[in-house]
Trainee: 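This is the structure I have questions about; it appears just below.
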Amino acid sequence: MGQLWLWLAILARLSGIMAQEDLYRKVFVFRNDPSDAYVVLRVKPEQPLQNFTVCLRSYTDLTRPHSLFSYATKAQDNEILLFKPKPSEYRLYVGGKFVAFRVPEGRRDWEHVCASWESATGIAEFWLNGKPWPRKGLQRGYTVGAEAAILLGQEQDAFGGGFDVYNSFSGELADVYLWDVGLSPDKMRSAYQSLRLPPALLSWKSLSFELKGDVVVKPRLREALGP
Ligand SMILES: *[C@@H]1O[C@H](CO)[C@@H](O)[C@H](O)[C@H]1NC(C)=O
Ligand SMILES: [Ca+2]
């Protein structure tokens with residue numbers, strides 16, 4: 001029996017099948033600053049996106065630029081990118097163009113963000129800690145490519161690579177989700193409050209991921225919720 005599992009594990013590794021895990025009450029800890037660590041996420045099925053919502057929670061004391069969610073295709077490295085160039089700004093990139101959302105400088109606490117985009121109108125929504133920011137627009141009529149390298153911890157300047165360690169993430173990440181729809185305001189608030197959520201392309205409760213380098217899964221130290 002032990003040997004069967006060993007063979008299955010080897011087979012899984014060879015065929016690139018990743019662990020699927022419920023990360024409820026867990027976090028990814030990126031220990032180093034700067035760091036070359038990252039986490040690869042896999043979406044199944046891969047599909048082009050006319051609409052999407054990405055949500056995650058982060059906890060860091062970084063003041064330098066850092067990447068939170070990097071979705072690159074072979075044609076466009078910034079296909080979907082959630083990026084924090086400085087403590088008072090978030091950027092959402094879609095197909096290489098971005099909109100900026102100015103935010104109050106963090107209280108050095110967990111920050112929950114959701115960003116959504118809709119091709120038909122180009123409208124981008126940005127929610128911080130359960131609260132919507134004034135909507136902006138970009139890339140009306142665009143389609144996000146299907147075959148993607150999806151990474152946490154690094155910003156891709158090439159498909160699956162081209163990292164700048166000074167754009168790396170350092171700290172804790174949790175509650176990462178990607179949907180192929182724009183979430184309703186109710187669901188945006190549910191995501192912030194860690195309540196029940198619709199089925200997702202990427203779900204923290206059944207995440208297919210692979211750790212690369214110095215990043216570890218640890219239990220949460222406390223509930224990440226805050227007003
Ligand atoms: C994208 O969202 C718009 C507006 O909610 C909807 O009309 C459209 O059908 C959606 N497209 C896809 C492919 O889901
Ligand atoms: Ca890039």
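Keep in mind that what you see is a predicted model, and the values were worked out from it rather than measured.
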Trainee: With a distance cut-off below 6.0 Å to the six-membered ring centre and an angular limit of 45° from the axis, does Lys131 pair with Trp127 as a cation-pi contact?
Mentor: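 Here Lys131 fails the 6.0 Å and 45° test against Trp127.
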
Trainee: Among Leu68, Val27, Val215, find the one that has a side-chain contact (heavy atoms from CB on, under 4.5 Å) with Leu173.
Mentor: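 The single option meeting the side-chain contact (heavy atoms from CB on, under 4.5 Å) with Leu173 is Leu68.
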
Trainee: Has Thr60 got a side-chain atom pairing as donor or acceptor with Ser170's backbone, closer than 3.5 angstrom?
Mentor: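 Checking the backbone N and O of Ser170 against the side chain of Thr60, a donor-acceptor pair under 3.5 Å is found.
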
Trainee: CD of Glu46: more than 12 outside heavy atoms within 6.0 angstrom?
Mentor: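 It does: Glu46 CD has more than 12 such atoms within range.
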
Trainee: Give a yes/no verdict on a cation-pi contact between Lys136 and Phe101, requiring under 6.0 Å between NZ or CZ and the six-membered ring centre and an angle within 45° of the axis.
Mentor: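 Because its charged atom sits under 6.0 Å from the ring centre and within 45° of the axis, Lys136 does stack over Phe101.
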
Trainee: Apart from Leu81 itself, what residues make up its hydrophobic cluster, given side-chain heavy atom links below 4.5 Å?
Mentor: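 Once heavy-atom contacts under 4.5 Å are chained together, Leu81 belongs with Phe83, Tyr93, Phe98.
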
Trainee: Using the six-membered ring wherever Trp is involved, compare the ring planes of Trp133 and Phe126 and label them parallel, tilted or perpendicular (cut-offs 30° and 60°).
Mentor: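 Plane angle over 60°, so perpendicular.
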
Trainee: Could you pull out the closest heavy-atom pair between Ser35 and Val165, with the gap in Å?
Mentor: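 The pair with the smallest heavy-atom distance is O-CG1, 3.6 Å.
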
Trainee: If we ignore angles and hydrogens, is there a donor and acceptor under 3.5 Å between the side chains of Thr143 and Gln50?
Mentor: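 Side-chain D/A pair, Thr143 to Gln50: present.
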
Trainee: Going through the checks in order, is the side-chain contact (heavy atoms from CB on, under 4.5 Å) test met by Trp179 and Leu197?
Mentor: CA-CA 10 Å; Trp179 289 271; Leu197 292 167; 3.9 Å; yes

Trainee: Just grab all the salt bridge (Lys or Arg N to Asp or Glu O under 4.0 Å) pairs involving residues 60-84, residues at least two apart or on different chains.
Mentor: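 Passing the test, one end in residues 60-84: Asp33-Arg64, Lys84-Glu111.
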
Trainee: Carefully, step by step, assess Asp175 and Trp110 under the rule side-chain contact (heavy atoms from CB on, under 4.5 Å).
Mentor: CA-CA 11 Å; Asp175 295 341; Trp110 282 91; over 6 Å; no

Trainee: Kindly say whether the aromatic ring centers of Phe28 and Phe209 come within a distance under 6.0 Å.
Mentor: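 Ring centroids of Phe28 and Phe209 are less than 6.0 Å from each other.
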
